[in-house]
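Take a look at the structure set out below.
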Amino acid sequence: MQIDALIARLKEQYPPGKFGSRDPFHVLIATVLSQRTRDEVTDRAADKLFSKYRTPEELACADVRDIENLIREVGFYRVKALRVKEIARIINNDYGGKVPADIEALLMLPGVGRKTANCVLVYGFGKDEIAVDTHVHRISNRLGLVSTKTPEETEEELRRVIPERHWKYVNELFVRFGQDICRPAGRKCDQCPVSELCPDKRKKQ
DNA sequence: AAAACGGGGGC
DNA sequence: GCCCCAGTTTT
């Protein structure tokens, strides 16, 4: 597999967004809300929440019931409301209101696993890391970049296979490609921009 | 390794 | 109406 060609082609198809230019705290909270939830729904809920509570301090003092009502549509809203408030409290009390740019510190926060922590590092701080979700996991296997069973193994393998300068782009590019073309079921190989690089493409028509 | 949390959207 | 979905935690 020619990684450079793959990344270049996906970048043509899906122009990269603004890495490291978003408020890390907003990235952190929005990413927790996004877990097992579609983007459009997440964005609506995050807008409601942030228009009322903008900073870690404000959110740490918010009524959990009010947070629940603002984010209800994302699902898992009770546990997510508790986690969001607790994360805000910890960021406010232990880190002076600034999200730490440190994977180990991020992983200690409730509701933050490797995917969420790496998203904060990539989208909030512009770090060269790989955030592996189900799309990245599925597509990495289909493209033959890895042969793995869990997202953790996929992250480990991708760090060996993909040059570090490409890492930060992997999540956004693969996710958009995965929603658009290389879907879990009903993949559109006849419209695929990288089908000639794919060992697992279905025969056309 | 598997269950549990959950409302929204596609078909 | 049924099934899947930008995960993480707990059993």
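Naming convention: chains lettered A, B, ... in sequence-line order (proteins, then strands); numbering from 1 in each chain.
- Mapping heavy-atom proximity under 4.0 Å, the span of DNA chain B touched by chain A runs 5' to 3' from B/dC5 to B/dG9.
- Applying the ring pair (Phe, Tyr, Trp, His ring centres under 6.0 Å) rule to pairs touching residues 124-163 of chain A yields nothing, sequence neighbours excluded.
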Q) For DNA chain B, what string of dots and brackets results from 5' to 3' when Watson-Crick and G-U pairs need both distances under 3.5 Å, crossing pairs get [ ], and pairs with another strand get |? A) |||||.|||||
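- Using a 4.0 Å cut-off between charged side-chain N and carboxylate O, A/Arg44 and A/Glu73 make a salt bridge.
- For A/Lys98, the salt bridge (Lys or Arg N to Asp or Glu O under 4.0 Å) criterion is met by no residue, not counting sequence neighbours.
- Identified under the ring pair (Phe, Tyr, Trp, His ring centres under 6.0 Å) test for residues 73-115 of chain A, with sequence neighbours left out: none.
- Residues of residues 122-134 of chain A that place a heavy atom closer than 4.0 Å to DNA chain C, in numerical order, are A/Asp133, A/Thr134.
- No hydrogens or angles considered: nothing links the side chains of A/Arg89 and A/Asn92 as a donor-acceptor pair under 3.5 Å.
- Taking the P atom of each, B/dG6 and C/dT11 are spaced 15 Å apart, rounded to whole Å.
- Under the 3.5 Å distance criterion, with hydrogens and angles disregarded, no donor-acceptor pair is assigned to the side chains of A/Ser140 and A/Thr154.
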Identify each donor-acceptor pair in which a side-chain atom of residues 107-115 of chain A lies under 3.5 Å from a protein atom, sequence neighbours left out, and give them as a table.
| residue | atom | partner | partner atom | Å |
| --- | --- | --- | --- | --- |
| A/Arg114 | NE | A/Glu155 | OE1 | 2.7 |
| A/Arg114 | NH2 | A/Glu155 | OE2 | 2.9 |

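- Residue pairs that meet the ring pair (Phe, Tyr, Trp, His ring centres under 6.0 Å) test with at least one member in residues 7-26 of chain A, sequence neighbours left out, are A/Phe19-A/Tyr123, A/Phe19-A/Tyr169, A/His26-A/Phe50.
- The minimum heavy-atom distance linking A/Asp180 with A/Arg183 is given by the pair O-CD, 4.1 Å.
- Between A/Arg159 and A/Glu164, none of the side-chain N atoms (NZ, or NE/NH1/NH2) sits under 4.0 Å from a carboxylate O, so this pair counts as no salt bridge.
- Between A/Lys149 and A/Glu153, none of the side-chain N atoms (NZ, or NE/NH1/NH2) sits under 4.0 Å from a carboxylate O, so this pair counts as no salt bridge.
- Other members of the cluster containing A/Val64 are A/Leu82, with ILVMFWY side chains joined at under 4.5 Å, either directly or via other members.
- Under the side chain to side chain contact (heavy atoms under 4.5 Å, CB included) criterion, A/Ser51 pairs with no residue at all, not counting sequence neighbours.
- Listed by residue number, A/Ser34, A/Gln35, A/Arg36, A/Thr37, A/Arg38, A/Asp39 are the residues of residues 22-48 of chain A with a heavy-atom contact under 4.0 Å to DNA chain C.
- Side-chain contact between A/Leu197 and A/Leu143 is absent, with no heavy atoms from C-beta onward closer than 4.5 Å.
- Within residues 64-83 of chain A, the residues having any heavy atom closer than 4.0 Å to DNA chain C are, in order of number, A/Arg83.
- Contact check on A/Asp63 versus A/Lys85 returns no salt bridge, with no Lys/Arg side-chain nitrogen under 4.0 Å from an Asp/Glu carboxylate oxygen.
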